[in-house]
Amino acid sequence: MFELFKLLGNKRLFVLLVGLVTFIALMGFTLGPRTALSWPEKFLKDSVGFVQYVFYKPASAVAGFFKDVANMRAVYEENEKLRIAMGHYTRDRLKYNEIDKRIARLESQLNFTTEQRERYNYETRIAQVISANSDPNSRSINIDIGENANIKPGMAVTSLEGLVGVVSHVSAYTATVNLLTSMDANDPNSNAIAATAVGKEDKVFGMIESYDPKTGMLKMTKISEDSDIKDGDEIISSGIIDNFPKYMRIGEVEKVEKSEYGLTQTATIKPYASFLDWKELIVIIPPEVKE
C-alpha cells in the first residue's frame, strides 16, 4: 500500500493516469448511440457559430455593399434605356395621332363605308388552355371558350409572343386550335398563311405552309425572286386570304434561300411563340363576327 501511494505521489504519472481514464471515458461516451449533443459539444458548436457570425456579418455587409453598387449601376443603365424608350414612345405617339387623324379625314373624304373603316379593328377573347394533344400527327390544344363566346373556325389564336394557330373545331363551351407546328404542305387539310414583312408590305409576299419539327422552324415559300426579304425581317400575316387577321406576329427570318428551280425564294422563319407551357391564349375576333 505504501508503495502504491509512493507511486501515485509522482505528479506526472498521476496526471497521465487521470488523462488516460478521462480519455477512455470520453471515447465510451462519444461512441455510444446518442440522439442529442452533449453539453461540451453544444458549447463548442455555439462558440464556433458565434465566431463564424462575428466574421460573416461584416464580410456579408461588405459583399452586399459591392453587390448593391453593381445593381445600382445596372438600374441606372436600365433607367437610361427606359428614358430613351419613353422619348421614342412620346414621339411615335404624336406621330401616330397625327397619322390617325389624317387617315380618318381621308376616309371621310373618300366616303369609306363603316365596314371598310373597321376592317382591322379586331376584338380579343382571353382563353384558358384546358388540354393539349401531343400526337405528332395531330398537334392541337383545347381552350375553354367556344360558341358561347362567339368563337368560330378559322379565327387566329395568339400568345403574348406571337401567332400560335387557328381554331379548327368549335363546340358550345370549348374550341380546338390547330397549332402552327401541325402545318404540312403535303396535307390538303392544312391551311397556309399569307405573310409579309414589317415595313416591306408592298415588296414582300409569301405563304407559310409547313413546319419542320427537327429544326423548330417555319417555311415561307412562293416569295418572288426580286423580293427584298432579308435575315432579321419580322414576318407578320398579310390578311389577304380567307379573312385571316392582318398584323399577326409570326416570327423572324433566319435564312433566305433560292427555291429548287431558282424562280422563287424560300425563307426559314423562327416562330416567336414557344409552343410550350401555355396557360392563357388570345383569340382574335374579326369585326364582321362581333356580337
Side-chain angles (χ1 to χ4, degrees), residues 84-85 87-107 110 112 116-122 124 154-166 179-181 183-185 190-212 215-275 282 284 286-287:
I84 295 173
H88 290 168
Y89 169 76
T90 303
R91 181 195 62 193
D92 292 342
R93 180 173 58 83
L94 296 174
K95 183 178 178 181
Y96 170 80
N97 289 340
E98 176 61 27
I99 293 174
D100 191 49
K101 291 178 182 178
R102 186 186 308 169
I103 291 174
R105 184 174 65 253
L106 292 174
E107 288 178 347
L110 294 172
F112 269 51
Q116 288 174 318
R117 292 179 182 179
E118 298 182 355
R119 180 168 297 170
Y120 302 118
N121 292 334
Y122 304 122
T124 58
M155 291 183 175
V157 180
T158 182
S159 65
L160 295 178
E161 292 78 21
L163 187 65
V164 168
V166 180
L179 302 178
L180 295 184
T181 56
M183 298 185 73
D184 186 353
S190 178
N191 297 321
I193 299 173
T196 185
V198 174
K200 303 178 180 180
E201 288 83 352
D202 298 330
K203 301 177 182 179
V204 174
F205 175 80
M207 301 296 295
I208 297 180
E209 298 180 309
S210 61
Y211 173 84
D212 187 348
T215 61
M217 300 289 179
L218 295 164
K219 288 292 183 182
M220 181 174 171
T221 60
K222 299 181 175 64
I223 307 171
S224 64
E225 185 180 6
D226 57 350
S227 181
D228 185 28
I229 187 170
K230 296 179 181 178
D231 296 357
D233 282 352
E234 182 178 0
I235 300 301
I236 59 174
S237 59
S238 64
I240 65 172
I241 293 181
D242 296 333
N243 295 321
F244 193 85
K246 196 173 184 178
Y247 309 124
M248 297 292 101
R249 298 177 73 243
I250 298 174
E252 182 178 307
V253 177
E254 288 280 308
K255 182 173 58 175
V256 179
E257 301 173 305
K258 291 288 184 180
S259 63
E260 184 178 356
Y261 300 104
L263 301 177
T264 59
Q265 301 181 83
T266 299
T268 300
I269 311 297
K270 182 179 181 180
Y272 287 132
S274 61
F275 304 103
I282 305 169
I284 309 300

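As the structure is a prediction and not an experimental result, all values here were calculated from the model.
- Side-chain N or O atoms of Y122 include one that pairs as donor or acceptor with a backbone N or O of K246 at under 3.5 Å.
- Of the possible donor and acceptor atoms, none in the side chain of E225 sits under 3.5 Å from a partner among the backbone N and O of T264.
- A distance of 10.5 Å separates CG of L218 from CD1 of I235, quoted to the nearest 0.5 Å.
- Remark: the backbone N or O of T196 is not paired with any side-chain donor or acceptor of S238 at under 3.5 angstrom.
- Under the side chain to side chain contact (heavy atoms under 4.5 Å, CB included) criterion, V198 pairs with E234, I236, sequence neighbours left out.
- For the side chain to side chain donor-acceptor pair (under 3.5 Å) test, no residue two or more places apart in sequence or in another chain qualifies with T266.
- Distance check, rounded to the nearest 0.5 Å: CG of D212 to OG1 of T181 gives 12.0 Å.
- Residues satisfying the ring-ring contact (aromatic ring centres under 6.0 Å, His included) criterion with F275, sequence neighbours excluded, are W278.
- Across all their heavy atoms, I250 and S237 have their closest contact at CD1-N, 3.7 Å.
- Closest of all the heavy-atom pairs between Q265 and S224 is NE2-O, 2.9 Å.
- The shortest distance between side-chain heavy atoms of M220 and V204 falls below 4.5 Å.
- To the nearest 0.5 Å, atoms CD1 (I193) and CD (E209) are separated by 10.5 Å.
- Residues G162 and A273 approach most closely at O-CB, 3.9 Å, considering heavy atoms.
- Tested against V256, the residues D233, D231, I223 include a single side chain to side chain contact (heavy atoms under 4.5 Å, CB included) partner, D231.
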Walk me through it: do T124 and I284 pass the test side-chain contact (heavy atoms from CB on, under 4.5 Å)? CA-CA 5 Å; T124 58; I284 309 300; 4.0 Å; yes

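- Note: M217 CE to S210 OG = 13.0 Å, rounded to the nearest 0.5 Å.
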Before giving the answer on side-chain contact (heavy atoms from CB on, under 4.5 Å), spell out for T268 and K219 the whole-Å C-alpha distance, their side-chain angles and the decisive distance to 0.1 Å. CA-CA 5 Å; T268 300; K219 288 292 183 182; 3.1 Å; yes

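- Judged purely by atom type and a 3.5 angstrom limit, T158 has no side-chain atom pairing as donor or acceptor with the backbone of I282.
- Donor-acceptor pairing under 3.5 Å is lacking for the side chains of S227 and K203.
- Atom NZ of K270 has 12 or fewer neighbouring heavy atoms from other residues, nucleotides or ligands inside a 6.0 Å radius.
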